Amino acid sequence: MANKRNNLLDKMGIWASSLCALHCLLLPVLITLLPFVGASFFADAWFERIILSVSLVIGFWALLSGFYRYHRQIYPLYSLALGGLIYWNKDMFGHEYEPFTIAVGAILIIAAHMVNLKLCQSCRQCDDH
């Protein structure tokens, strides 16, 4: 039961991180259409920060749960924290490199969840034997 909940949290974290990256990467293309659909709040910085914050909260919850219950490996948390830090400061190299920085941050966050899933599953299989 606990492993299913942890898998769900990791999958939610992967989806939230992916949607956040997709939002950031597609926003420049869709910015001209937002006023027509009445959704200009998608372009606001606060909306972006909320999505990223939710993604990181879910991520830390899932990874800490996997750490304490199953694998005791800390490196997925480092990947999540580094990805979140890079993503939060996506314009640190300038606006022309922002899509690259977003991609690196999102990949680190998603990789943290995928590694956590794999570690949790391998430890569960070890316990079954």
Side-chain angles (χ1 to χ4, degrees):
M1 172 82 172
N3 195 30
K4 282 187 179 182
R5 185 176 70 222
N6 200 54
N7 284 348
L8 178 64
L9 286 173
D10 278 319
K11 289 177 183 176
M12 285 173 48
I14 290 169
W15 273 100
S17 299
S18 299
L19 289 174
C20 192
L22 195 62
H23 165 264
C24 290
L25 293 173
L26 290 180
L27 193 60
V29 175
L30 299 174
I31 199 106
T32 56
L33 300 176
L34 292 178
F36 295 116
V37 295
S40 59
F41 66 92
F42 282 121
D44 289 339
W46 64 266
F47 183 76
E48 198 171 285
R49 298 289 184 177
I50 288 173
I51 293 173
L52 180 57
S53 297
V54 168
S55 173
L56 291 175
V57 167
I58 291 170
F60 278 110
W61 187 8
L63 272 61
L64 285 173
S65 175
F67 174 81
Y68 285 116
R69 288 193 175 127
Y70 300 107
H71 53 75
R72 300 282 187 206
Q73 300 293 325
I74 195 80
Y75 60 90
L77 287 164
Y78 291 148
S79 179
L80 180 75
L82 181 61
L85 185 66
I86 289 170
Y87 209 131
W88 192 270
N89 297 299
K90 67 183 188 296
D91 58 351
M92 67 181 145
F93 297 117
H95 291 292
E96 60 273 2
Y97 294 107
E98 200 170 295
F100 175 73
T101 310
I102 290 168
V104 169
I107 287 169
L108 285 169
I109 293 170
I110 291 168
H113 284 289
M114 294 176 78
V115 167
N116 189 54
L117 275 170
K118 189 162 184 81
L119 287 170
C120 289
Q121 290 171 351
S122 68
C123 288
R124 189 186 82 228
Q125 291 169 357
C126 292
D127 289 344
D128 291 342
H129 291 288

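Excluded from the calculations below are hydrogen atoms, water molecules and symmetry mates; all remaining heavy atoms, backbone and side chain alike, are included. The shown structure was predicted, so the numbers you read here are calculated from the model rather than taken from an experiment.
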With sequence neighbours left out, what residues match V104 under side-chain contact (heavy atoms from CB on, under 4.5 Å)?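 If we apply the side-chain contact (heavy atoms from CB on, under 4.5 Å) test to V104, skipping adjacent residues, the hits are I86, F100, L108.
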Let me confirm one number: the [atom1]-[atom2] distance from [X] to [Y], rounded to the nearest 0.5 Å.
X: I107; Y: Y87; atom1: CD1; atom2: OH; result: 11.0 Å
X: L77; Y: L64; atom1: CG; atom2: CG; result: 5.0 Å
X: L82; Y: I109; atom1: CG; atom2: CD1; result: 9.5 Å
X: W46; Y: I51; atom1: CH2; atom2: CD1; result: 9.0 Å
X: L80; Y: S55; atom1: CG; atom2: OG; result: 7.5 Å
X: H71; Y: L117; atom1: NE2; atom2: CG; result: 9.0 Å

Provide the closest heavy-atom pair for [X] versus [Y] in the form atom of the first, atom of the second, distance.
X: E96; Y: P99; answer: O-CD, 4.0 Å
X: P76; Y: A112; answer: O-CB, 3.2 Å
X: F67; Y: N116; answer: N-OD1, 4.5 Å

Could you check whether any side-chain heavy atom of L52 comes within less than 4.5 Å of a side-chain heavy atom of W88, counting everything from C-beta outward?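 Yes, their side chains come closer than 4.5 Å.
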Treating Ile, Leu, Val, Met, Phe, Trp and Tyr as nodes and any side-chain heavy-atom pair under 4.5 angstrom as an edge, say whether V57 and F60 lie in one connected cluster.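 No, V57 and F60 fall in different hydrophobic clusters.
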Quick check: is L63 connected to Y78 through a chain of hydrophobic side chains (ILVMFWY, heavy atoms under 4.5 Å apart)?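 Yes; L63 is reachable from Y78 via cluster members.
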Between R69 and S65, does any side-chain donor sit less than 3.5 Å from a side-chain acceptor?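 Looking only at side-chain atoms, S65 and R69 do form a donor-acceptor pair, the distance falling under 3.5 Å.
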